[in-house]
Colleague: 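I'd like to ask some things about the structure below.
Note on naming: letters A, B, ... go to the chains in the order of the sequence lines (proteins, then strands), and numbering restarts at 1 for each one. Just so it is clear, the structure is predicted and the values come from calculations on it, not from any experiment.
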2 protein chains.
Amino acid sequence: MTSPAPFEPVRPVRLYQRIIEQIEDALASRTLRPGQRLPSERQLVAQFGASRSTVREALRVLESNGVIRSRPGDPNGPEILPFSSQALSKQLTRLARVDGVDLAELISFRMVLDGSANMLAARLRTDDELAAIEATIEAMRQTIDVGYQQFSEADVAFHEAIARVSRNSLIQVCNHVVRGVVLSLISDKIARSRNSKALMRESLRHHEEVLEAIRAGDGPAAARISRRNLYDYYAGYLPKADREPLLALLDPTD
Amino acid sequence: MTSPAPFEPVRPVRLYQRIIEQIEDALASRTLRPGQRLPSERQLVAQFGASRSTVREALRVLESNGVIRSRPGDPNGPEILPFSSQALSKQLTRLARVDGVDLAELISFRMVLDGSANMLAARLRTDDELAAIEATIEAMRQTIDVGYQQFSEADVAFHEAIARVSRNSLIQVCNHVVRGVVLSLISDKIARSRNSKALMRESLRHHEEVLEAIRAGDGPAAARISRRNLYDYYAGYLPKADREPLLALLDPTD
DNA sequence: CCTCAGGAACTGGTCTGACCAGTGGACTTC
DNA sequence: GAAGTCCACTGGTCAGACCAGTTCCTGAGG
């Protein structure tokens with residue numbers, strides 16, 4: 001039962017890795033906080049006792065991870081950034097684009113996240129929050145004659161309002177990220193067809209159904225309806241064989 | 001309603017960014033594939049017309065993102081890696097550890113993910129897969145007298161089996177990552193108390209309940225039970241005020 | 001007093017060239 | 001054919017230089 005050879009390969013510790021670790025540790029222990037500045041590269045060279053190349057390699061990694069941002073000419077040094085979903089988004093996008101997580105999984109994931117967000121929203125909402133959500137629906141209704149771009153923006157605002165009410169920023173971030181990835185994957189197919197008013201009207205109706213469930217405080221209904229809507233909206237982009245796992249997220253009492 | 005200024009700040013394009021883009025594009029277009037090798041750094045210098053420092057900074061970023069791996073002395077050059085969830089996991093961990101997503105949100109997220117995974121598993125499982133899940137439960141039963149460490153390993157195996165059956169690697173990855181983060185956050189409080197056999201037995205009973213629902217193919221029940229179990233398991237670590245949003249994921253018909 | 005041009009004194013981005021400790025393969029030697 | 005040596009090459013690190021750009025101080029001119 002115990003693992004036969006729990007040995008890990010001993011990889012050589014590289015200097016720039018050590019520098020990254022030290023900076024990340026300082027962040028985790030709140031010694032460094034977002035908004036603060038790191039010393040300039042040349043100062044870091046002195047502090048770490050490494051060459052500038054090495055320090056720079058560490059900084060580039062941190063920058064690509066969204067931890068800091070360097071700007072040329074800024075005498076204050078690299079800025080420590082607050083978390084943004086950008087880095088997370090980048091990884092998820094890469095996962096989808098380069099490594100072939102298929103569209104069905106992404107949509108399935110969205111159905112899970114969005115459904116849960118709506119259930120939480122239905123059960124946790126205050127009257128003020130309900131009003132805020134209704135306002136975004138009204139915005140959708142008004143932009144339906146303006147154009148797809150504007151309609152889509154109002155759509156995003158709706159989902160963001162829901163996510164806020166659901167009191168869970170993780171669901172919010174993941175849902176937002178996955179939504180972006182899905183859209184980028186089907187953007188070529190979506191471009192022309194989505195401009196039709198009929199489809200926008202259908203989308204609006206879907207959103208109104210969810211709103212109704214949220215207004216009624218009926219969590220399971222909100223989850224069920226939103227999942228069904230997502231399925232209706234996206235299933236057309238999937239080959240039939242890929243739809244089965246999605247169907248498992250729909251229907252019966254849940 | 002239209003966005004007032006949809007302009008993005010023009011950031012200077014850095015050379016190493018261009019190199020990263022070129023390599024990532026080659027990956028996305030399948031010109032480069034996992035398992036293949038990149039030219040050596042000095043060859044890349046010639047191909048890109050940039051200095052070695054610049055090329056190296058690009059390679060370090062790619063390496064930190066889990067795209068490639070460089071080994072000193074390897075005459076074949078950097079290796080292009082298949083996707084691993086490591087990079088994604090890193091970002092989620094950072095989100096949680098450094099940027100103060102609180103424990104309640106993490107647990108809530110786990111309830112959502114685990115519940116959904118169990119629902120999918122209940123509905124999609126084959127008989128073989130059911131047998132595999134039953135085997136991990138049997139392993140838990142046998143390790144309960146051995147020690148917490150072994151029991152915990154069997155526990156992980158159970159959840160991994162479920163995730164596999166759910167046919168969704170995204171849920172799998174996220175759930176696994178979040179589980180790790182949660183455990184690391186409460187590890188100080190968990191250390192002593194969890195060693196008790198009574199608690200392990202309770203955990204085993206919880207898992208058996210979920211298994212029963214999966215065996216019966218009852219998706220909603222599997223989701224409901226697993227969420228309830230997670231709540232029972234973790235709520236004790238939360239202040240009472242933080243439990244309310246979690247309760248919204250439980251109870252009635254859902 | 002305020003304004004504004006000029007100029008240090010920095011910043012990060014890039015380049016060159018060098019050295020080192022390893023690796024792997026070819027080449028010699030037995 | 002096997003064993004040992006050697007060399008070309010790898011990535012990791014270093015030192016030093018230059019450039020374009022920012023910030024800020026300073027001093028001249030209003």
Colleague: Any chance you could list the contact pattern along nucleotides 23-28 of chain C? Use B for base contacts, S for sugar-phosphate-only contacts and - for none, protein heavy atoms under 4.0 Å, 5' to 3'.
Modeller: SS----
Colleague: Choosing from D/dC18, D/dG12, C/dT14, which nucleotide comes nearest the side chain of B/Leu15?
Modeller: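 So the nucleotide nearest the side chain must be C/dT14.
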Colleague: Salt-bridge test for A/Arg60 and A/Glu63: reply yes if a basic N is under 4.0 Å from a carboxylate O, no otherwise.
Modeller: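 Salt bridge flag = yes for A/Glu63 with A/Arg60.
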Colleague: Can you identify which nucleotide, out of C/dC15, D/dG12, C/dT14, has its nearest atom closest to the A/Arg14 side chain?
Modeller: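 So the nucleotide nearest the side chain must be D/dG12.
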Colleague: Grab the CG-P distance between A/Asn76 and C/dC10 for me, whole Å please.
Modeller: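 Rounded to whole Å, this separation is 14 Å.
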Colleague: B/Ser51 side chain: which of D/dT10, C/dC15, C/dG13 is closest?
Modeller: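 Closest nucleotide to the B/Ser51 side chain: C/dC15.
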Colleague: Can you tell me if A/Thr54 touches the phosphate of D/dC14, counting only side-chain N or O atoms and a distance under 4.0 Å to OP1 or OP2?
Modeller: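 Result: yes.
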Colleague: Quick test of your reading of the model: are A/Arg37 and A/Asp74 salt-bridged, counting only N-O distances below 4.0 Å?
Modeller: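 So A/Arg37 pairs with A/Asp74 through a salt bridge.
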Colleague: Check this for me, if you would: do A/Glu105 and A/Arg110 make a salt bridge, where the nitrogen-to-carboxylate-oxygen distance has to be below 4.0 angstrom?
Modeller: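 Salt bridge absent between A/Glu105 and A/Arg110.
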Colleague: Return the 5'-most residue of the pair B/Pro39, A/Gly49 with respect to DNA chain D, ranking by each residue's nearest nucleotide.
Modeller: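 Looking at the nearest nucleotide for each, B/Pro39 comes out on the 5' side.
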Colleague: Between CD of B/Glu41 and CG of B/Leu44, what distance do you get to the nearest 0.5 Å?
Modeller: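 The distance works out to 7.5 Å.
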Colleague: Given C/dT11, is OP1 or OP2 found less than 4.0 Å from the side-chain N or O atoms of A/Ser40?
Modeller: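 Yes.
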Colleague: Just the rounded figure in Å: distance from P of D/dG12 to CZ of A/Arg56.
Modeller: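 Spelled out: CZ on A/Arg56 to P on D/dG12 is 17 Å.
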Colleague: Nearest-Å distance, CG (B/Leu44) to P (D/dC9)?
Modeller: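 To the nearest whole Å, that distance equals 16 Å.
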Colleague: Regarding B/Arg37, tell me which of base, sugar-phosphate or nothing describes its non-hydrogen contacts under 4.0 Å with the strands shown.
Modeller: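 Here B/Arg37 touches no strand at all.
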Colleague: Classify the nucleic acid contact of B/Ser53 as base, sugar-phosphate or nothing, counting any heavy atom under 4.0 Å across all strands shown.
Modeller: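 If one applies the 4.0 Å heavy-atom cut-off, B/Ser53 turns out to touch a base.
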Colleague: Rounding to an integer number of Å, can you tell me how far A/Glu79 CD sits from D/dT23 P?
Modeller: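 A/Glu79 atom CD is separated from D/dT23 atom P by 13 Å.
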Colleague: Among D/dG11, C/dC15, C/dG12, which nucleotide has an atom closest to any side-chain atom of A/Arg42?
Modeller: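 So the side chain of A/Arg42 is nearest to C/dG12.
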Colleague: Using whole Å, report how far CD1 of A/Ile20 lies from P of D/dG12.
Modeller: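 Distance, rounded to whole Å: 12 Å.
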Colleague: How long is the line joining CG of A/Leu38 and P of C/dT11, in whole Å?
Modeller: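 Checked: the CG to P distance equals 13 Å.
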Colleague: Using a heavy-atom cut-off of under 4.0 Å over every strand shown, decide if A/Arg69 touches base, sugar-phosphate, or nothing.
Modeller: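 Touches nothing.
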Colleague: For A/Leu246 and A/Ala104, work out which heavy atoms get closest and say how close.
Modeller: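 Looking at all heavy atoms of both residues, the closest pair is CD2-O, 3.6 Å.
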Colleague: What is the distance from atom OG of B/Ser166 to atom NE2 of B/His159, rounded to the nearest 0.5 Å?
Modeller: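 Rounded to the nearest 0.5 Å, the OG-NE2 separation comes to 12.5 Å.
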Colleague: Look at A/Glu129 together with A/Arg167 and state whether they make a salt bridge at an N to O cut-off of under 4.0 Å.
Modeller: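 Looking at A/Glu129 and A/Arg167, the cut-off is met.
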Colleague: Looking at side-chain heavy atoms only, is the closest gap between A/Tyr16 and A/Ser53 below 4.5 Å?
Modeller: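 The answer is no; the side chains never approach within 4.5 Å.
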Colleague: Between the side-chain atoms of A/Arg52 and the base atoms of C/dG13, is any donor-acceptor pair under 3.5 Å?
Modeller: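 Such a pair is found, so the answer is yes.
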Colleague: Could you give the CD-to-C1' distance, from B/Glu63 to D/dT10, as a whole number of Å?
Modeller: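 It works out to 14 Å between those atoms.
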Colleague: Nearest-Å distance, CD (B/Glu57) to C1' (C/dC15)?
Modeller: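 About 11 Å, once rounded to whole Å.
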